[in-house]
> 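Dropping the structure in here first, questions after.
Protein chains get the first letters and strands the later ones, always in sequence-line order, with residue 1 at the start of each.
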Number of protein chains: 2
Amino acid sequence: MTERAVVKAVEVVVWLRTLIHERTLLTGMRLPSERVISEQLQTSRVTTREALKMLETQGLIYRSNRRGWFVTPPRINYDPGRAMFFMEYVAEQGFKPFSHQISKKRVLADTALASLLSIEEGDSLVELKRVRGADNRPVYVETILLPERRLPGIYDHDLAHSVTTVLKEEYNKPCMNVELEVISSSLDKDAAEVLQAPVGYTSVEIHRVSRDAQGALVEYDVEHWRHDALKLKVEFNIRS
Amino acid sequence: MTERAVVKAVEVVVWLRTLIHERTLLTGMRLPSERVISEQLQTSRVTTREALKMLETQGLIYRSNRRGWFVTPPRINYDPGRAMFFMEYVAEQGFKPFSHQISKKRVLADTALASLLSIEEGDSLVELKRVRGADNRPVYVETILLPERRLPGIYDHDLAHSVTTVLKEEYNKPCMNVELEVISSSLDKDAAEVLQAPVGYTSVEIHRVSRDAQGALVEYDVEHWRHDALKLKVEFNIRS
DNA sequence: TAGTGGTCTAGACCACTGC
DNA sequence: CAGTGGTCTAGACCACTAA
């Protein structure tokens with residue numbers, strides 16, 4: 001039988017998926033421990049972990065540090081085209097959002113950065129790092145770079161909440177044009193730590209370049225999302 | 001030492017990554033077998049596989065069936081906003097693209113589909129399935145749905161190449177507006193088979209809804225990409 | 001401190017691929 | 001047919017979390 005080889009881990013997958021779908025296990029709840037599952041279904045722990053990792057890839061469950069496996073909450077809809085900021089649209093979807101600033105400092109553009117952002121080498125940038133999440137679960141880390149020469153005094157503004165709002169209201173730069181780059185990747189050590197996930201966890205990486213009406217870059221942003229927490233939505237017109 | 005626990009698999013990761021970065025292992029080449037690696041680095045096969053899976057998640061290597069592990073080719077840049085079709089933009093990036101039609105048939109819209117596509121229940125749709133890839137490596141499968149009532153005679157057109165072109169030139173529908181939904185997920189059995197990947201392989205799922213100038217839906221498309229083969233690019237203006 | 005996940009070992013058999 | 005990856009076992013010790 002061709003099936004035989006796959007059957008054990010898949011059995012565990014099916015068993016757990018059923019528990020989730022029939023709502024015996026609810027969103028956010030802890031799963032039984034790996035050892036308990038193994039005993040219950042007469043498998044080794046390795047096989048059980050194999051199954052858990054499959055469900056993790058599907059986005060149905062996730063793990064947090066060494067605390068256990070949990071049923072994944074619904075994904076957050078993220079539409080970078082809407083002029084709203086995180087706290088708003090996440091609350092709108094029924095979550096309790098949070099946002100913590102990790103660091104804020106000045107950096108100088110090296111050659112690579114300068115050419116990437118079309119600024120001069122040695123130009124000063126404000127670098128902002130933050131984590132954001134919903135219902136006490138961190139979902140993404142981001143690093144924002146703001147060219148100080150184009151945004152004089154930006155360092156002293158309160159950027160803890162919405163950078164977009166500050167750009168729009170204080171600098172009259174509504175960031176009309178956005179360029180997005182999205183790839184599937186994995187979390188490095190730093191990002192994993194902040195997101196309370198294991199190193200190597202599947203992630204979605206979003207690079208966002210925002211330009212003002214004159215086409216000048218005003219914000220460069222890199223986001224690392226837990227892969228299972230994000231549903232990205234974009235709307236645009238075809239350029240022909 | 002906190003590090004001790006992670007060291008073995010990471011050693012293997014570092015070793016292989018070095019081989020790839022110093023170009024001892026080139027794009028598309030097969031890696032040494034799991035048993036050889038294990039012997040070389042004095043680890044068990046389980047640990048070696050752990051390392052290989054980490055590199056796979058990072059997108060640096062991939063596996064094909066039971067043939068072995070290979071160094072991942074560069075990602076394909078996919079920009080749904082450009083009015084070009086697969087064969088063109090992939091060739092433009094230096095790959096040798098291919099596209100195979102898997103099936104083409106009529107389906108009737110059930111309740112769910114009808115409300116999703118804003119058509120009438122029971123309406124006829126043309127369903128098209130195809131695989132596409134580059135350099136003999138399949139990278140995504142897609143299912144296209146075309147409402148026949150809005151596109152009379154669409155079933156008999158040659159859709160093997162570019163549906164977009166047919167819509168534009170034969171139906172005068174340049175698909176002005178596109179709605180994209182992107183999530184990270186995993187391949188089911190069918191998709192995995194077609195993409196020559198293991199069941200559960202990390203994937204990027206793209207749902208694309210295209211509308212004509214009157215706002216009527218003319219194409220619904222679901223794509224399942226190998227996660228490591230795609231770099232999605234989108235450009236748009238913020239709606240405020 | 002008890003229990004959890006994280007890592008690791010040294011085997012084993014199977015299904016499939018490519019020669 | 002030899003070699004590959006895919007699956008599985010029955011243990012083990014560790015680092016960390018939560019009570």
> Residues in side-chain contact (heavy atoms from CB on, under 4.5 Å) with B:A109, at least two apart?
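B:A109: side-chain contact (heavy atoms from CB on, under 4.5 Å) contacts with B:L113, B:A114, B:I119, B:L125.
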> If you assign A:G68 and A:V46 each to the DNA chain C nucleotide with the nearest heavy atom, which residue ends up on the more 5' nucleotide?
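Final value for this comparison: A:G68.
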> Using a cut-off of less than 4.0 Å, is there contact between a side-chain N or O of A:S44 and OP1 or OP2 of D:dG11?
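So the side-chain polar atoms of A:S44 never come under 4.0 Å of the phosphate oxygens OP1 or OP2 of D:dG11.
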> Nearest whole angstrom, please: distance from the P of D:dG5 to the OH of B:Y62.
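One finds 14 Å between P of D:dG5 and OH of B:Y62, rounded.
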> What integer distance in Å separates A:M54:CE from D:dG6:P?
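In whole Å, D:dG6 P lies 11 Å from A:M54 CE.
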> What residues form a side-chain contact (heavy atoms from CB on, under 4.5 Å) with A:E127, not counting sequence neighbours?
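If we apply the side-chain contact (heavy atoms from CB on, under 4.5 Å) test to A:E127, skipping adjacent residues, the hits are A:S103, A:K105, A:V107, A:K129, A:T143, A:L145.
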> Can you tell me which nucleotide in C:dG6, C:dC8, D:dC8 comes closest to the side chain of B:T47?
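When the side chain of B:T47 is considered, C:dC8 is the closest of C:dG6, C:dC8, D:dC8.
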> For a quick check under 3.5 Å, do B:T43 and B:T48 share a side-chain donor-acceptor pair by atom type?
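There is such a pair (donor and acceptor under 3.5 Å, judged by atom type) between the side chains of B:T43 and B:T48.
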> With sequence neighbours left out, what residues match B:S44 under side-chain hydrogen bond (donor to acceptor under 3.5 Å, both in side chains)?
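Once residues adjacent in sequence are excluded, the partners of B:S44 under the side-chain hydrogen bond (donor to acceptor under 3.5 Å, both in side chains) criterion are B:T47.
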> What I want to check is whether an N or O donor and acceptor connect the side chain of B:R63 with the base of D:dG6 at under 3.5 Å.
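Looking at the base of D:dG6, it does not pair with any donor or acceptor on the side chain of B:R63 (distance under 3.5 Å).
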> Looking at side-chain heavy atoms only, is the closest gap between A:V139 and A:L195 below 4.5 Å?
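Contact flag for A:V139/A:L195 side chains = no.
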> In whole Å, I'd like the distance from the NZ atom of A:K53 to the C1' atom of D:dG6.
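In whole Å, D:dG6 C1' lies 15 Å from A:K53 NZ.
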> Can you list everything that forms a ring-ring contact (aromatic ring centres under 6.0 Å, His included) with B:H100? Sequence neighbours excluded, please.
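With neighbours one apart ignored, the set is B:F98.
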> Between C:dA12, C:dT9, D:dC8, which nucleotide gets closest to the side-chain atoms of B:R45?
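Nucleotide nearest to B:R45's side chain: C:dA12.
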> By the ring pair (Phe, Tyr, Trp, His ring centres under 6.0 Å) test, which pairs, at least two apart or in different chains, include something from residues 13-58 of chain B?
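Matches after skipping sequence neighbours: none remain.
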> Does anything in residues 131-141 of chain A come within less than 4.0 Å of DNA chain D? Heavy atoms only, and list the residues if so.
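By residue number: none to list.
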> Roughly how many Å is it from CG in B:L52 to P in D:dT7, rounded to a whole number?
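Spelled out: CG on B:L52 to P on D:dT7 is 14 Å.
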> Restricting to ring-ring contact (aromatic ring centres under 6.0 Å, His included), what partner residues turn up for A:F85, sequence neighbours left out?
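Result, ring-ring contact (aromatic ring centres under 6.0 Å, His included) vs A:F85: none returned.
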> A:F70 CZ to D:dT17 C1': how many Å, rounded?
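In whole Å, D:dT17 C1' lies 11 Å from A:F70 CZ.
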> What pairs with B:M29 under side-chain contact (heavy atoms from CB on, under 4.5 Å), at least two apart in sequence or on another chain?
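Checked B:M29 against side-chain contact (heavy atoms from CB on, under 4.5 Å); matches are B:L25, B:L26.
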> Between A:K8 and D:dG6, is there a contact of a side-chain N or O with OP1 or OP2 at under 4.0 Å?
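Negative; the distance criterion is not met.
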> Of all residues at least two apart in sequence or in a different chain, which pass the salt bridge (charged side-chain N to carboxylate O under 4.0 Å, His left out) check with A:D79?
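So A:D79 forms a salt bridge (charged side-chain N to carboxylate O under 4.0 Å, His left out) with B:R239.
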> In residues 29-43 of chain A, which ones come under 4.0 Å of DNA chain C, going by heavy atoms?
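Within residues 29-43 of chain A, the residues near DNA chain C are A:R30, A:S33, A:E34, A:R35.
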> Go through the side-chain N and O atoms of A:E223 and A:Y78 and say whether any donor and acceptor fall under 3.5 Å apart.
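Result is yes, a qualifying pair exists.
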> Whole-Å distance between D:dG5 P and B:E50 CD?
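The distance from CD of B:E50 to P of D:dG5 comes to 16 Å, rounded to the nearest Å.
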> Return the value, rounded to whole Å, for the distance between atom CZ of B:R49 and atom C1' of C:dT9.
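After rounding, the reported distance stands at 16 Å.
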> Would you tabulate the pairs of protein nitrogen or oxygen atoms and nucleotide nitrogen or oxygen atoms of nucleotides 17-19 of chain C closer than 3.5 angstrom?
unit_1: C:dG18; atom_1: OP1; unit_2: B:R67; atom_2: NH1; d: 3.4

> Run the ring-ring contact (aromatic ring centres under 6.0 Å, His included) test against A:W69 and tell me which residues pass, sequence neighbours left out.
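ring-ring contact (aromatic ring centres under 6.0 Å, His included) list for A:W69, sorted by chain: empty.
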